[in-house]
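The model shown is predicted, which means the values in this text are computed figures rather than measured ones. Lettering follows sequence order; numbering is per chain, from 1.
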Amino acid sequence: MKITTWNVNGLRARLTHVIDFLREHEPDVLCLQETKVVDDAFPREQLEDCGYNIEFWGQKSYNGVAILSRHRVEDVVRGLPGDLDDPDVERRVLGCIVQDFMILDLYVPNGQEVGGDKYRFKLDWFRRLRQFLDARYSVTEKVAVVGDFNVALQDRDVHDPIAWHERILCSTPERRAMQNVLAFGLSDLLREHHPETGIWTWWDYRTGGEKTDRGLRIDYILTTPPATALCREIQVHKDIRKAKSPSDHAPVTAVFADGGA
DNA sequence: ATGGTTGGAGCCCAA
């Protein structure tokens with residue numbers, strides 16, 4: 001089972017990038033974030049023509065998540081508990097089961113600025129996510145919680161930890177809120193295989209980070225022990241940055257061996 | 001350098 005997560009920053013602007021990626025890497029499951037497209041305008045056919053079943057949950061301009069799968073998709077869930085009560089809720093969560101994997105695709109709120117309303121919303125969102133994991137998921141199952149978490153967990157996940165000290169994406173309360181999600185029983189899978197610094201998944205368009213490789217690692221694949229044990233490799237596709245008009249995020253892919261019994 | 005660029009909307013917002 002090969003699972004990829006990718007914040008595409010606008011699916012319609014990045015459709016050829018996504019199709020090229022599917023053809024080159026053939027993931028079993030591709031989880032997308034920031035599709036920024038309403039469901040009626042989702043480019044379904046072109047992706048289905050690549051051989052994928054698709055679930056999506058989008059809205060105008062902002063947010064939006066989608067899951068593409070070469071296999072049957074079952075038990076689809078949209079939003080955190082209570083989200084569906086609000087028609088204007090930010091569409092950030094899409095879960096499903098593919099074969100024997102429970103998959104949860106997340107676009108965690110950015111938070112914008114430490115201490116602001118959106119920051120408090122982000123911290124509370126992490127708390128609600130942990131409650132959702134406790135209620136619906138089990139550490140004895142194969143679970144992959146993937147997506148853009150908008151948190152660099154440790155200083156080794158930041159190109160310049162001094163410049164980023166206690167700034168948004170790096171502040172201690174954000175790191176604690178995400179660590180509390182990991183404490184459900186999830187591993188930061190990339191760190192099981194690659195402990196070194198210098199691995200980034202996001203480069204700020206504004207600071208030219210894209211050209212200078214000043215990045216942060218804010219996109220993750222988090223796994224329960226049965227899934228962690230089966231992982232054979234995990235990598236960041238930083239080569240996508242060489243494409244014309246790339247997303248500001250790189251895809252992250254994990255390959256899992258078939259679990260017996 | 002407290003800057004800068006981008007996507008999608010609609011004459012700015014969020015990132």
Side-chain angles (χ1 to χ4, degrees), chain A residues 5-21 31-44 46-47 56-66 83 86-93 105-126 146-153 157-171 173-175 177-178 200-220 236-238 240-252:
Chain A
T5 178
W6 193 6
N7 180 325
V8 289
N9 187 20
L11 178 57
R12 286 169 294 177
R14 228 68 71 186
L15 188 58
T16 59
H17 300 65
V18 171
I19 289 170
D20 289 347
F21 184 90
C31 295
L32 301 175
Q33 304 91 37
E34 279 206 273
T35 54
K36 296 185 178 182
V37 59
V38 296
D39 292 350
D40 286 345
F42 193 95
R44 172 197 278 275
Q46 291 159 90
L47 296 170
F56 43 83
W57 195 42
Q59 66 186 88
K60 191 166 78 170
S61 301
Y62 308 116
N63 310 313
V65 281
D83 277 0
D86 175 6
D88 297 323
V89 74
E90 297 179 3
R91 298 186 171 190
R92 299 177 174 278
V93 176
D105 179 16
L106 304 178
Y107 175 48
V108 176
N110 172 283
Q112 197 164 66
E113 176 183 25
V114 173
D117 288 346
K118 288 175 180 169
Y119 181 76
R120 283 184 286 278
F121 176 75
K122 177 181 192 174
L123 296 180
D124 191 58
W125 199 93
F126 268 122
V146 312
D148 176 3
F149 286 74
N150 270 314
V151 174
L153 269 176
D157 301 313
V158 183
H159 71 92
D160 185 346
I162 294 169
W164 281 85
H165 181 69
E166 295 299 335
R167 282 175 56 191
I168 195 69
L169 312 182
C170 299
S171 73
E174 289 168 271
R175 286 174 167 179
M178 184 169 164
W200 325 127
T201 67
W202 171 76
W203 299 262
D204 195 337
Y205 286 130
R206 292 167 290 187
T207 49
E210 205 174 70
K211 295 161 194 71
T212 53
D213 202 25
R214 293 177 194 156
L216 273 63
R217 189 175 72 98
I218 60 175
D219 300 86
Y220 296 82
V236 178
H237 300 265
K238 67 182 296 186
I240 66 100
R241 300 174 62 223
K242 290 183 278 196
K244 183 173 160 63
S245 301
S247 169
D248 48 350
H249 293 254
V252 183

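Residues satisfying the salt bridge (charged side-chain N to carboxylate O under 4.0 Å, His left out) test with A:Arg167, not counting sequence neighbours, are none. A:Tyr62 is linked by a side chain to side chain donor-acceptor pair (under 3.5 Å) to nothing, counting only residues two or more places apart in sequence or in another chain. Partners of A:Phe126 under the ring pair (Phe, Tyr, Trp, His ring centres under 6.0 Å) rule, at least two apart in sequence or in another chain, do not exist in this structure. Residues satisfying the salt bridge (charged side-chain N to carboxylate O under 4.0 Å, His left out) criterion with A:Asp39, sequence neighbours excluded, are A:Arg91. For the salt bridge (charged side-chain N to carboxylate O under 4.0 Å, His left out) test, no residue two or more places apart in sequence or in another chain qualifies with A:Arg14.
A straight line from CG of A:Leu15 to P of B:dG7 spans 14 Å, rounded to a whole angstrom. Atoms CH2 (A:Trp164) and P (B:dG3) sit 15 Å apart, rounded to a whole Å. Between A:Asp160 atom CG and B:dA1 atom P there is a gap of 14 Å when expressed in whole angstrom units. In this entry the distance linking NZ of A:Lys60 with C1' of B:dG10 reads 9 Å, nearest Å. Following rounding to the nearest Å, A:His17 (NE2) and B:dG7 (C1') show an atom-to-atom distance of 13 Å.
Between A:Arg167 and A:Asn9, it is A:Arg167 whose nearest contact on DNA chain B lies nearer the 5' terminus.
A:Lys238 has a carboxylate O that lies under 4.0 Å from a charged side-chain N of A:Asp213, or vice versa, which qualifies the two as a salt bridge.
The side chain of A:Thr207 has B:dG4 as its nearest neighbour among B:dG8, B:dG10, B:dG4.
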Anything under 3.5 Å between a protein N or O and an N or O of nucleotides 11-15 of chain B, put it in a table, one pair a line.
residue	atom	partner	partner atom	Å
B:dA14	O5'	A:Lys118	NZ	3.4
B:dA15	N6	A:Arg206	NH1	3.4

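For the C1' atom pair drawn from B:dA1 and B:dG7, the interatomic distance equals 25 Å after rounding to whole Å. Separating the P atom of B:dA14 from that of B:dT2 is a span of 24 Å, rounded to the nearest Å. Nucleotides B:dG8 and B:dG4 are separated by 23 Å at their P atoms, to the nearest Å. Taking the C1' atoms as reference points, B:dA15 lies 14 Å from B:dA9, given to the whole Å.
Between A:Phe56 and A:Phe42, the ring planes lie parallel to each other; the angle is under 30°, not in the 30° to 60° tilted range.
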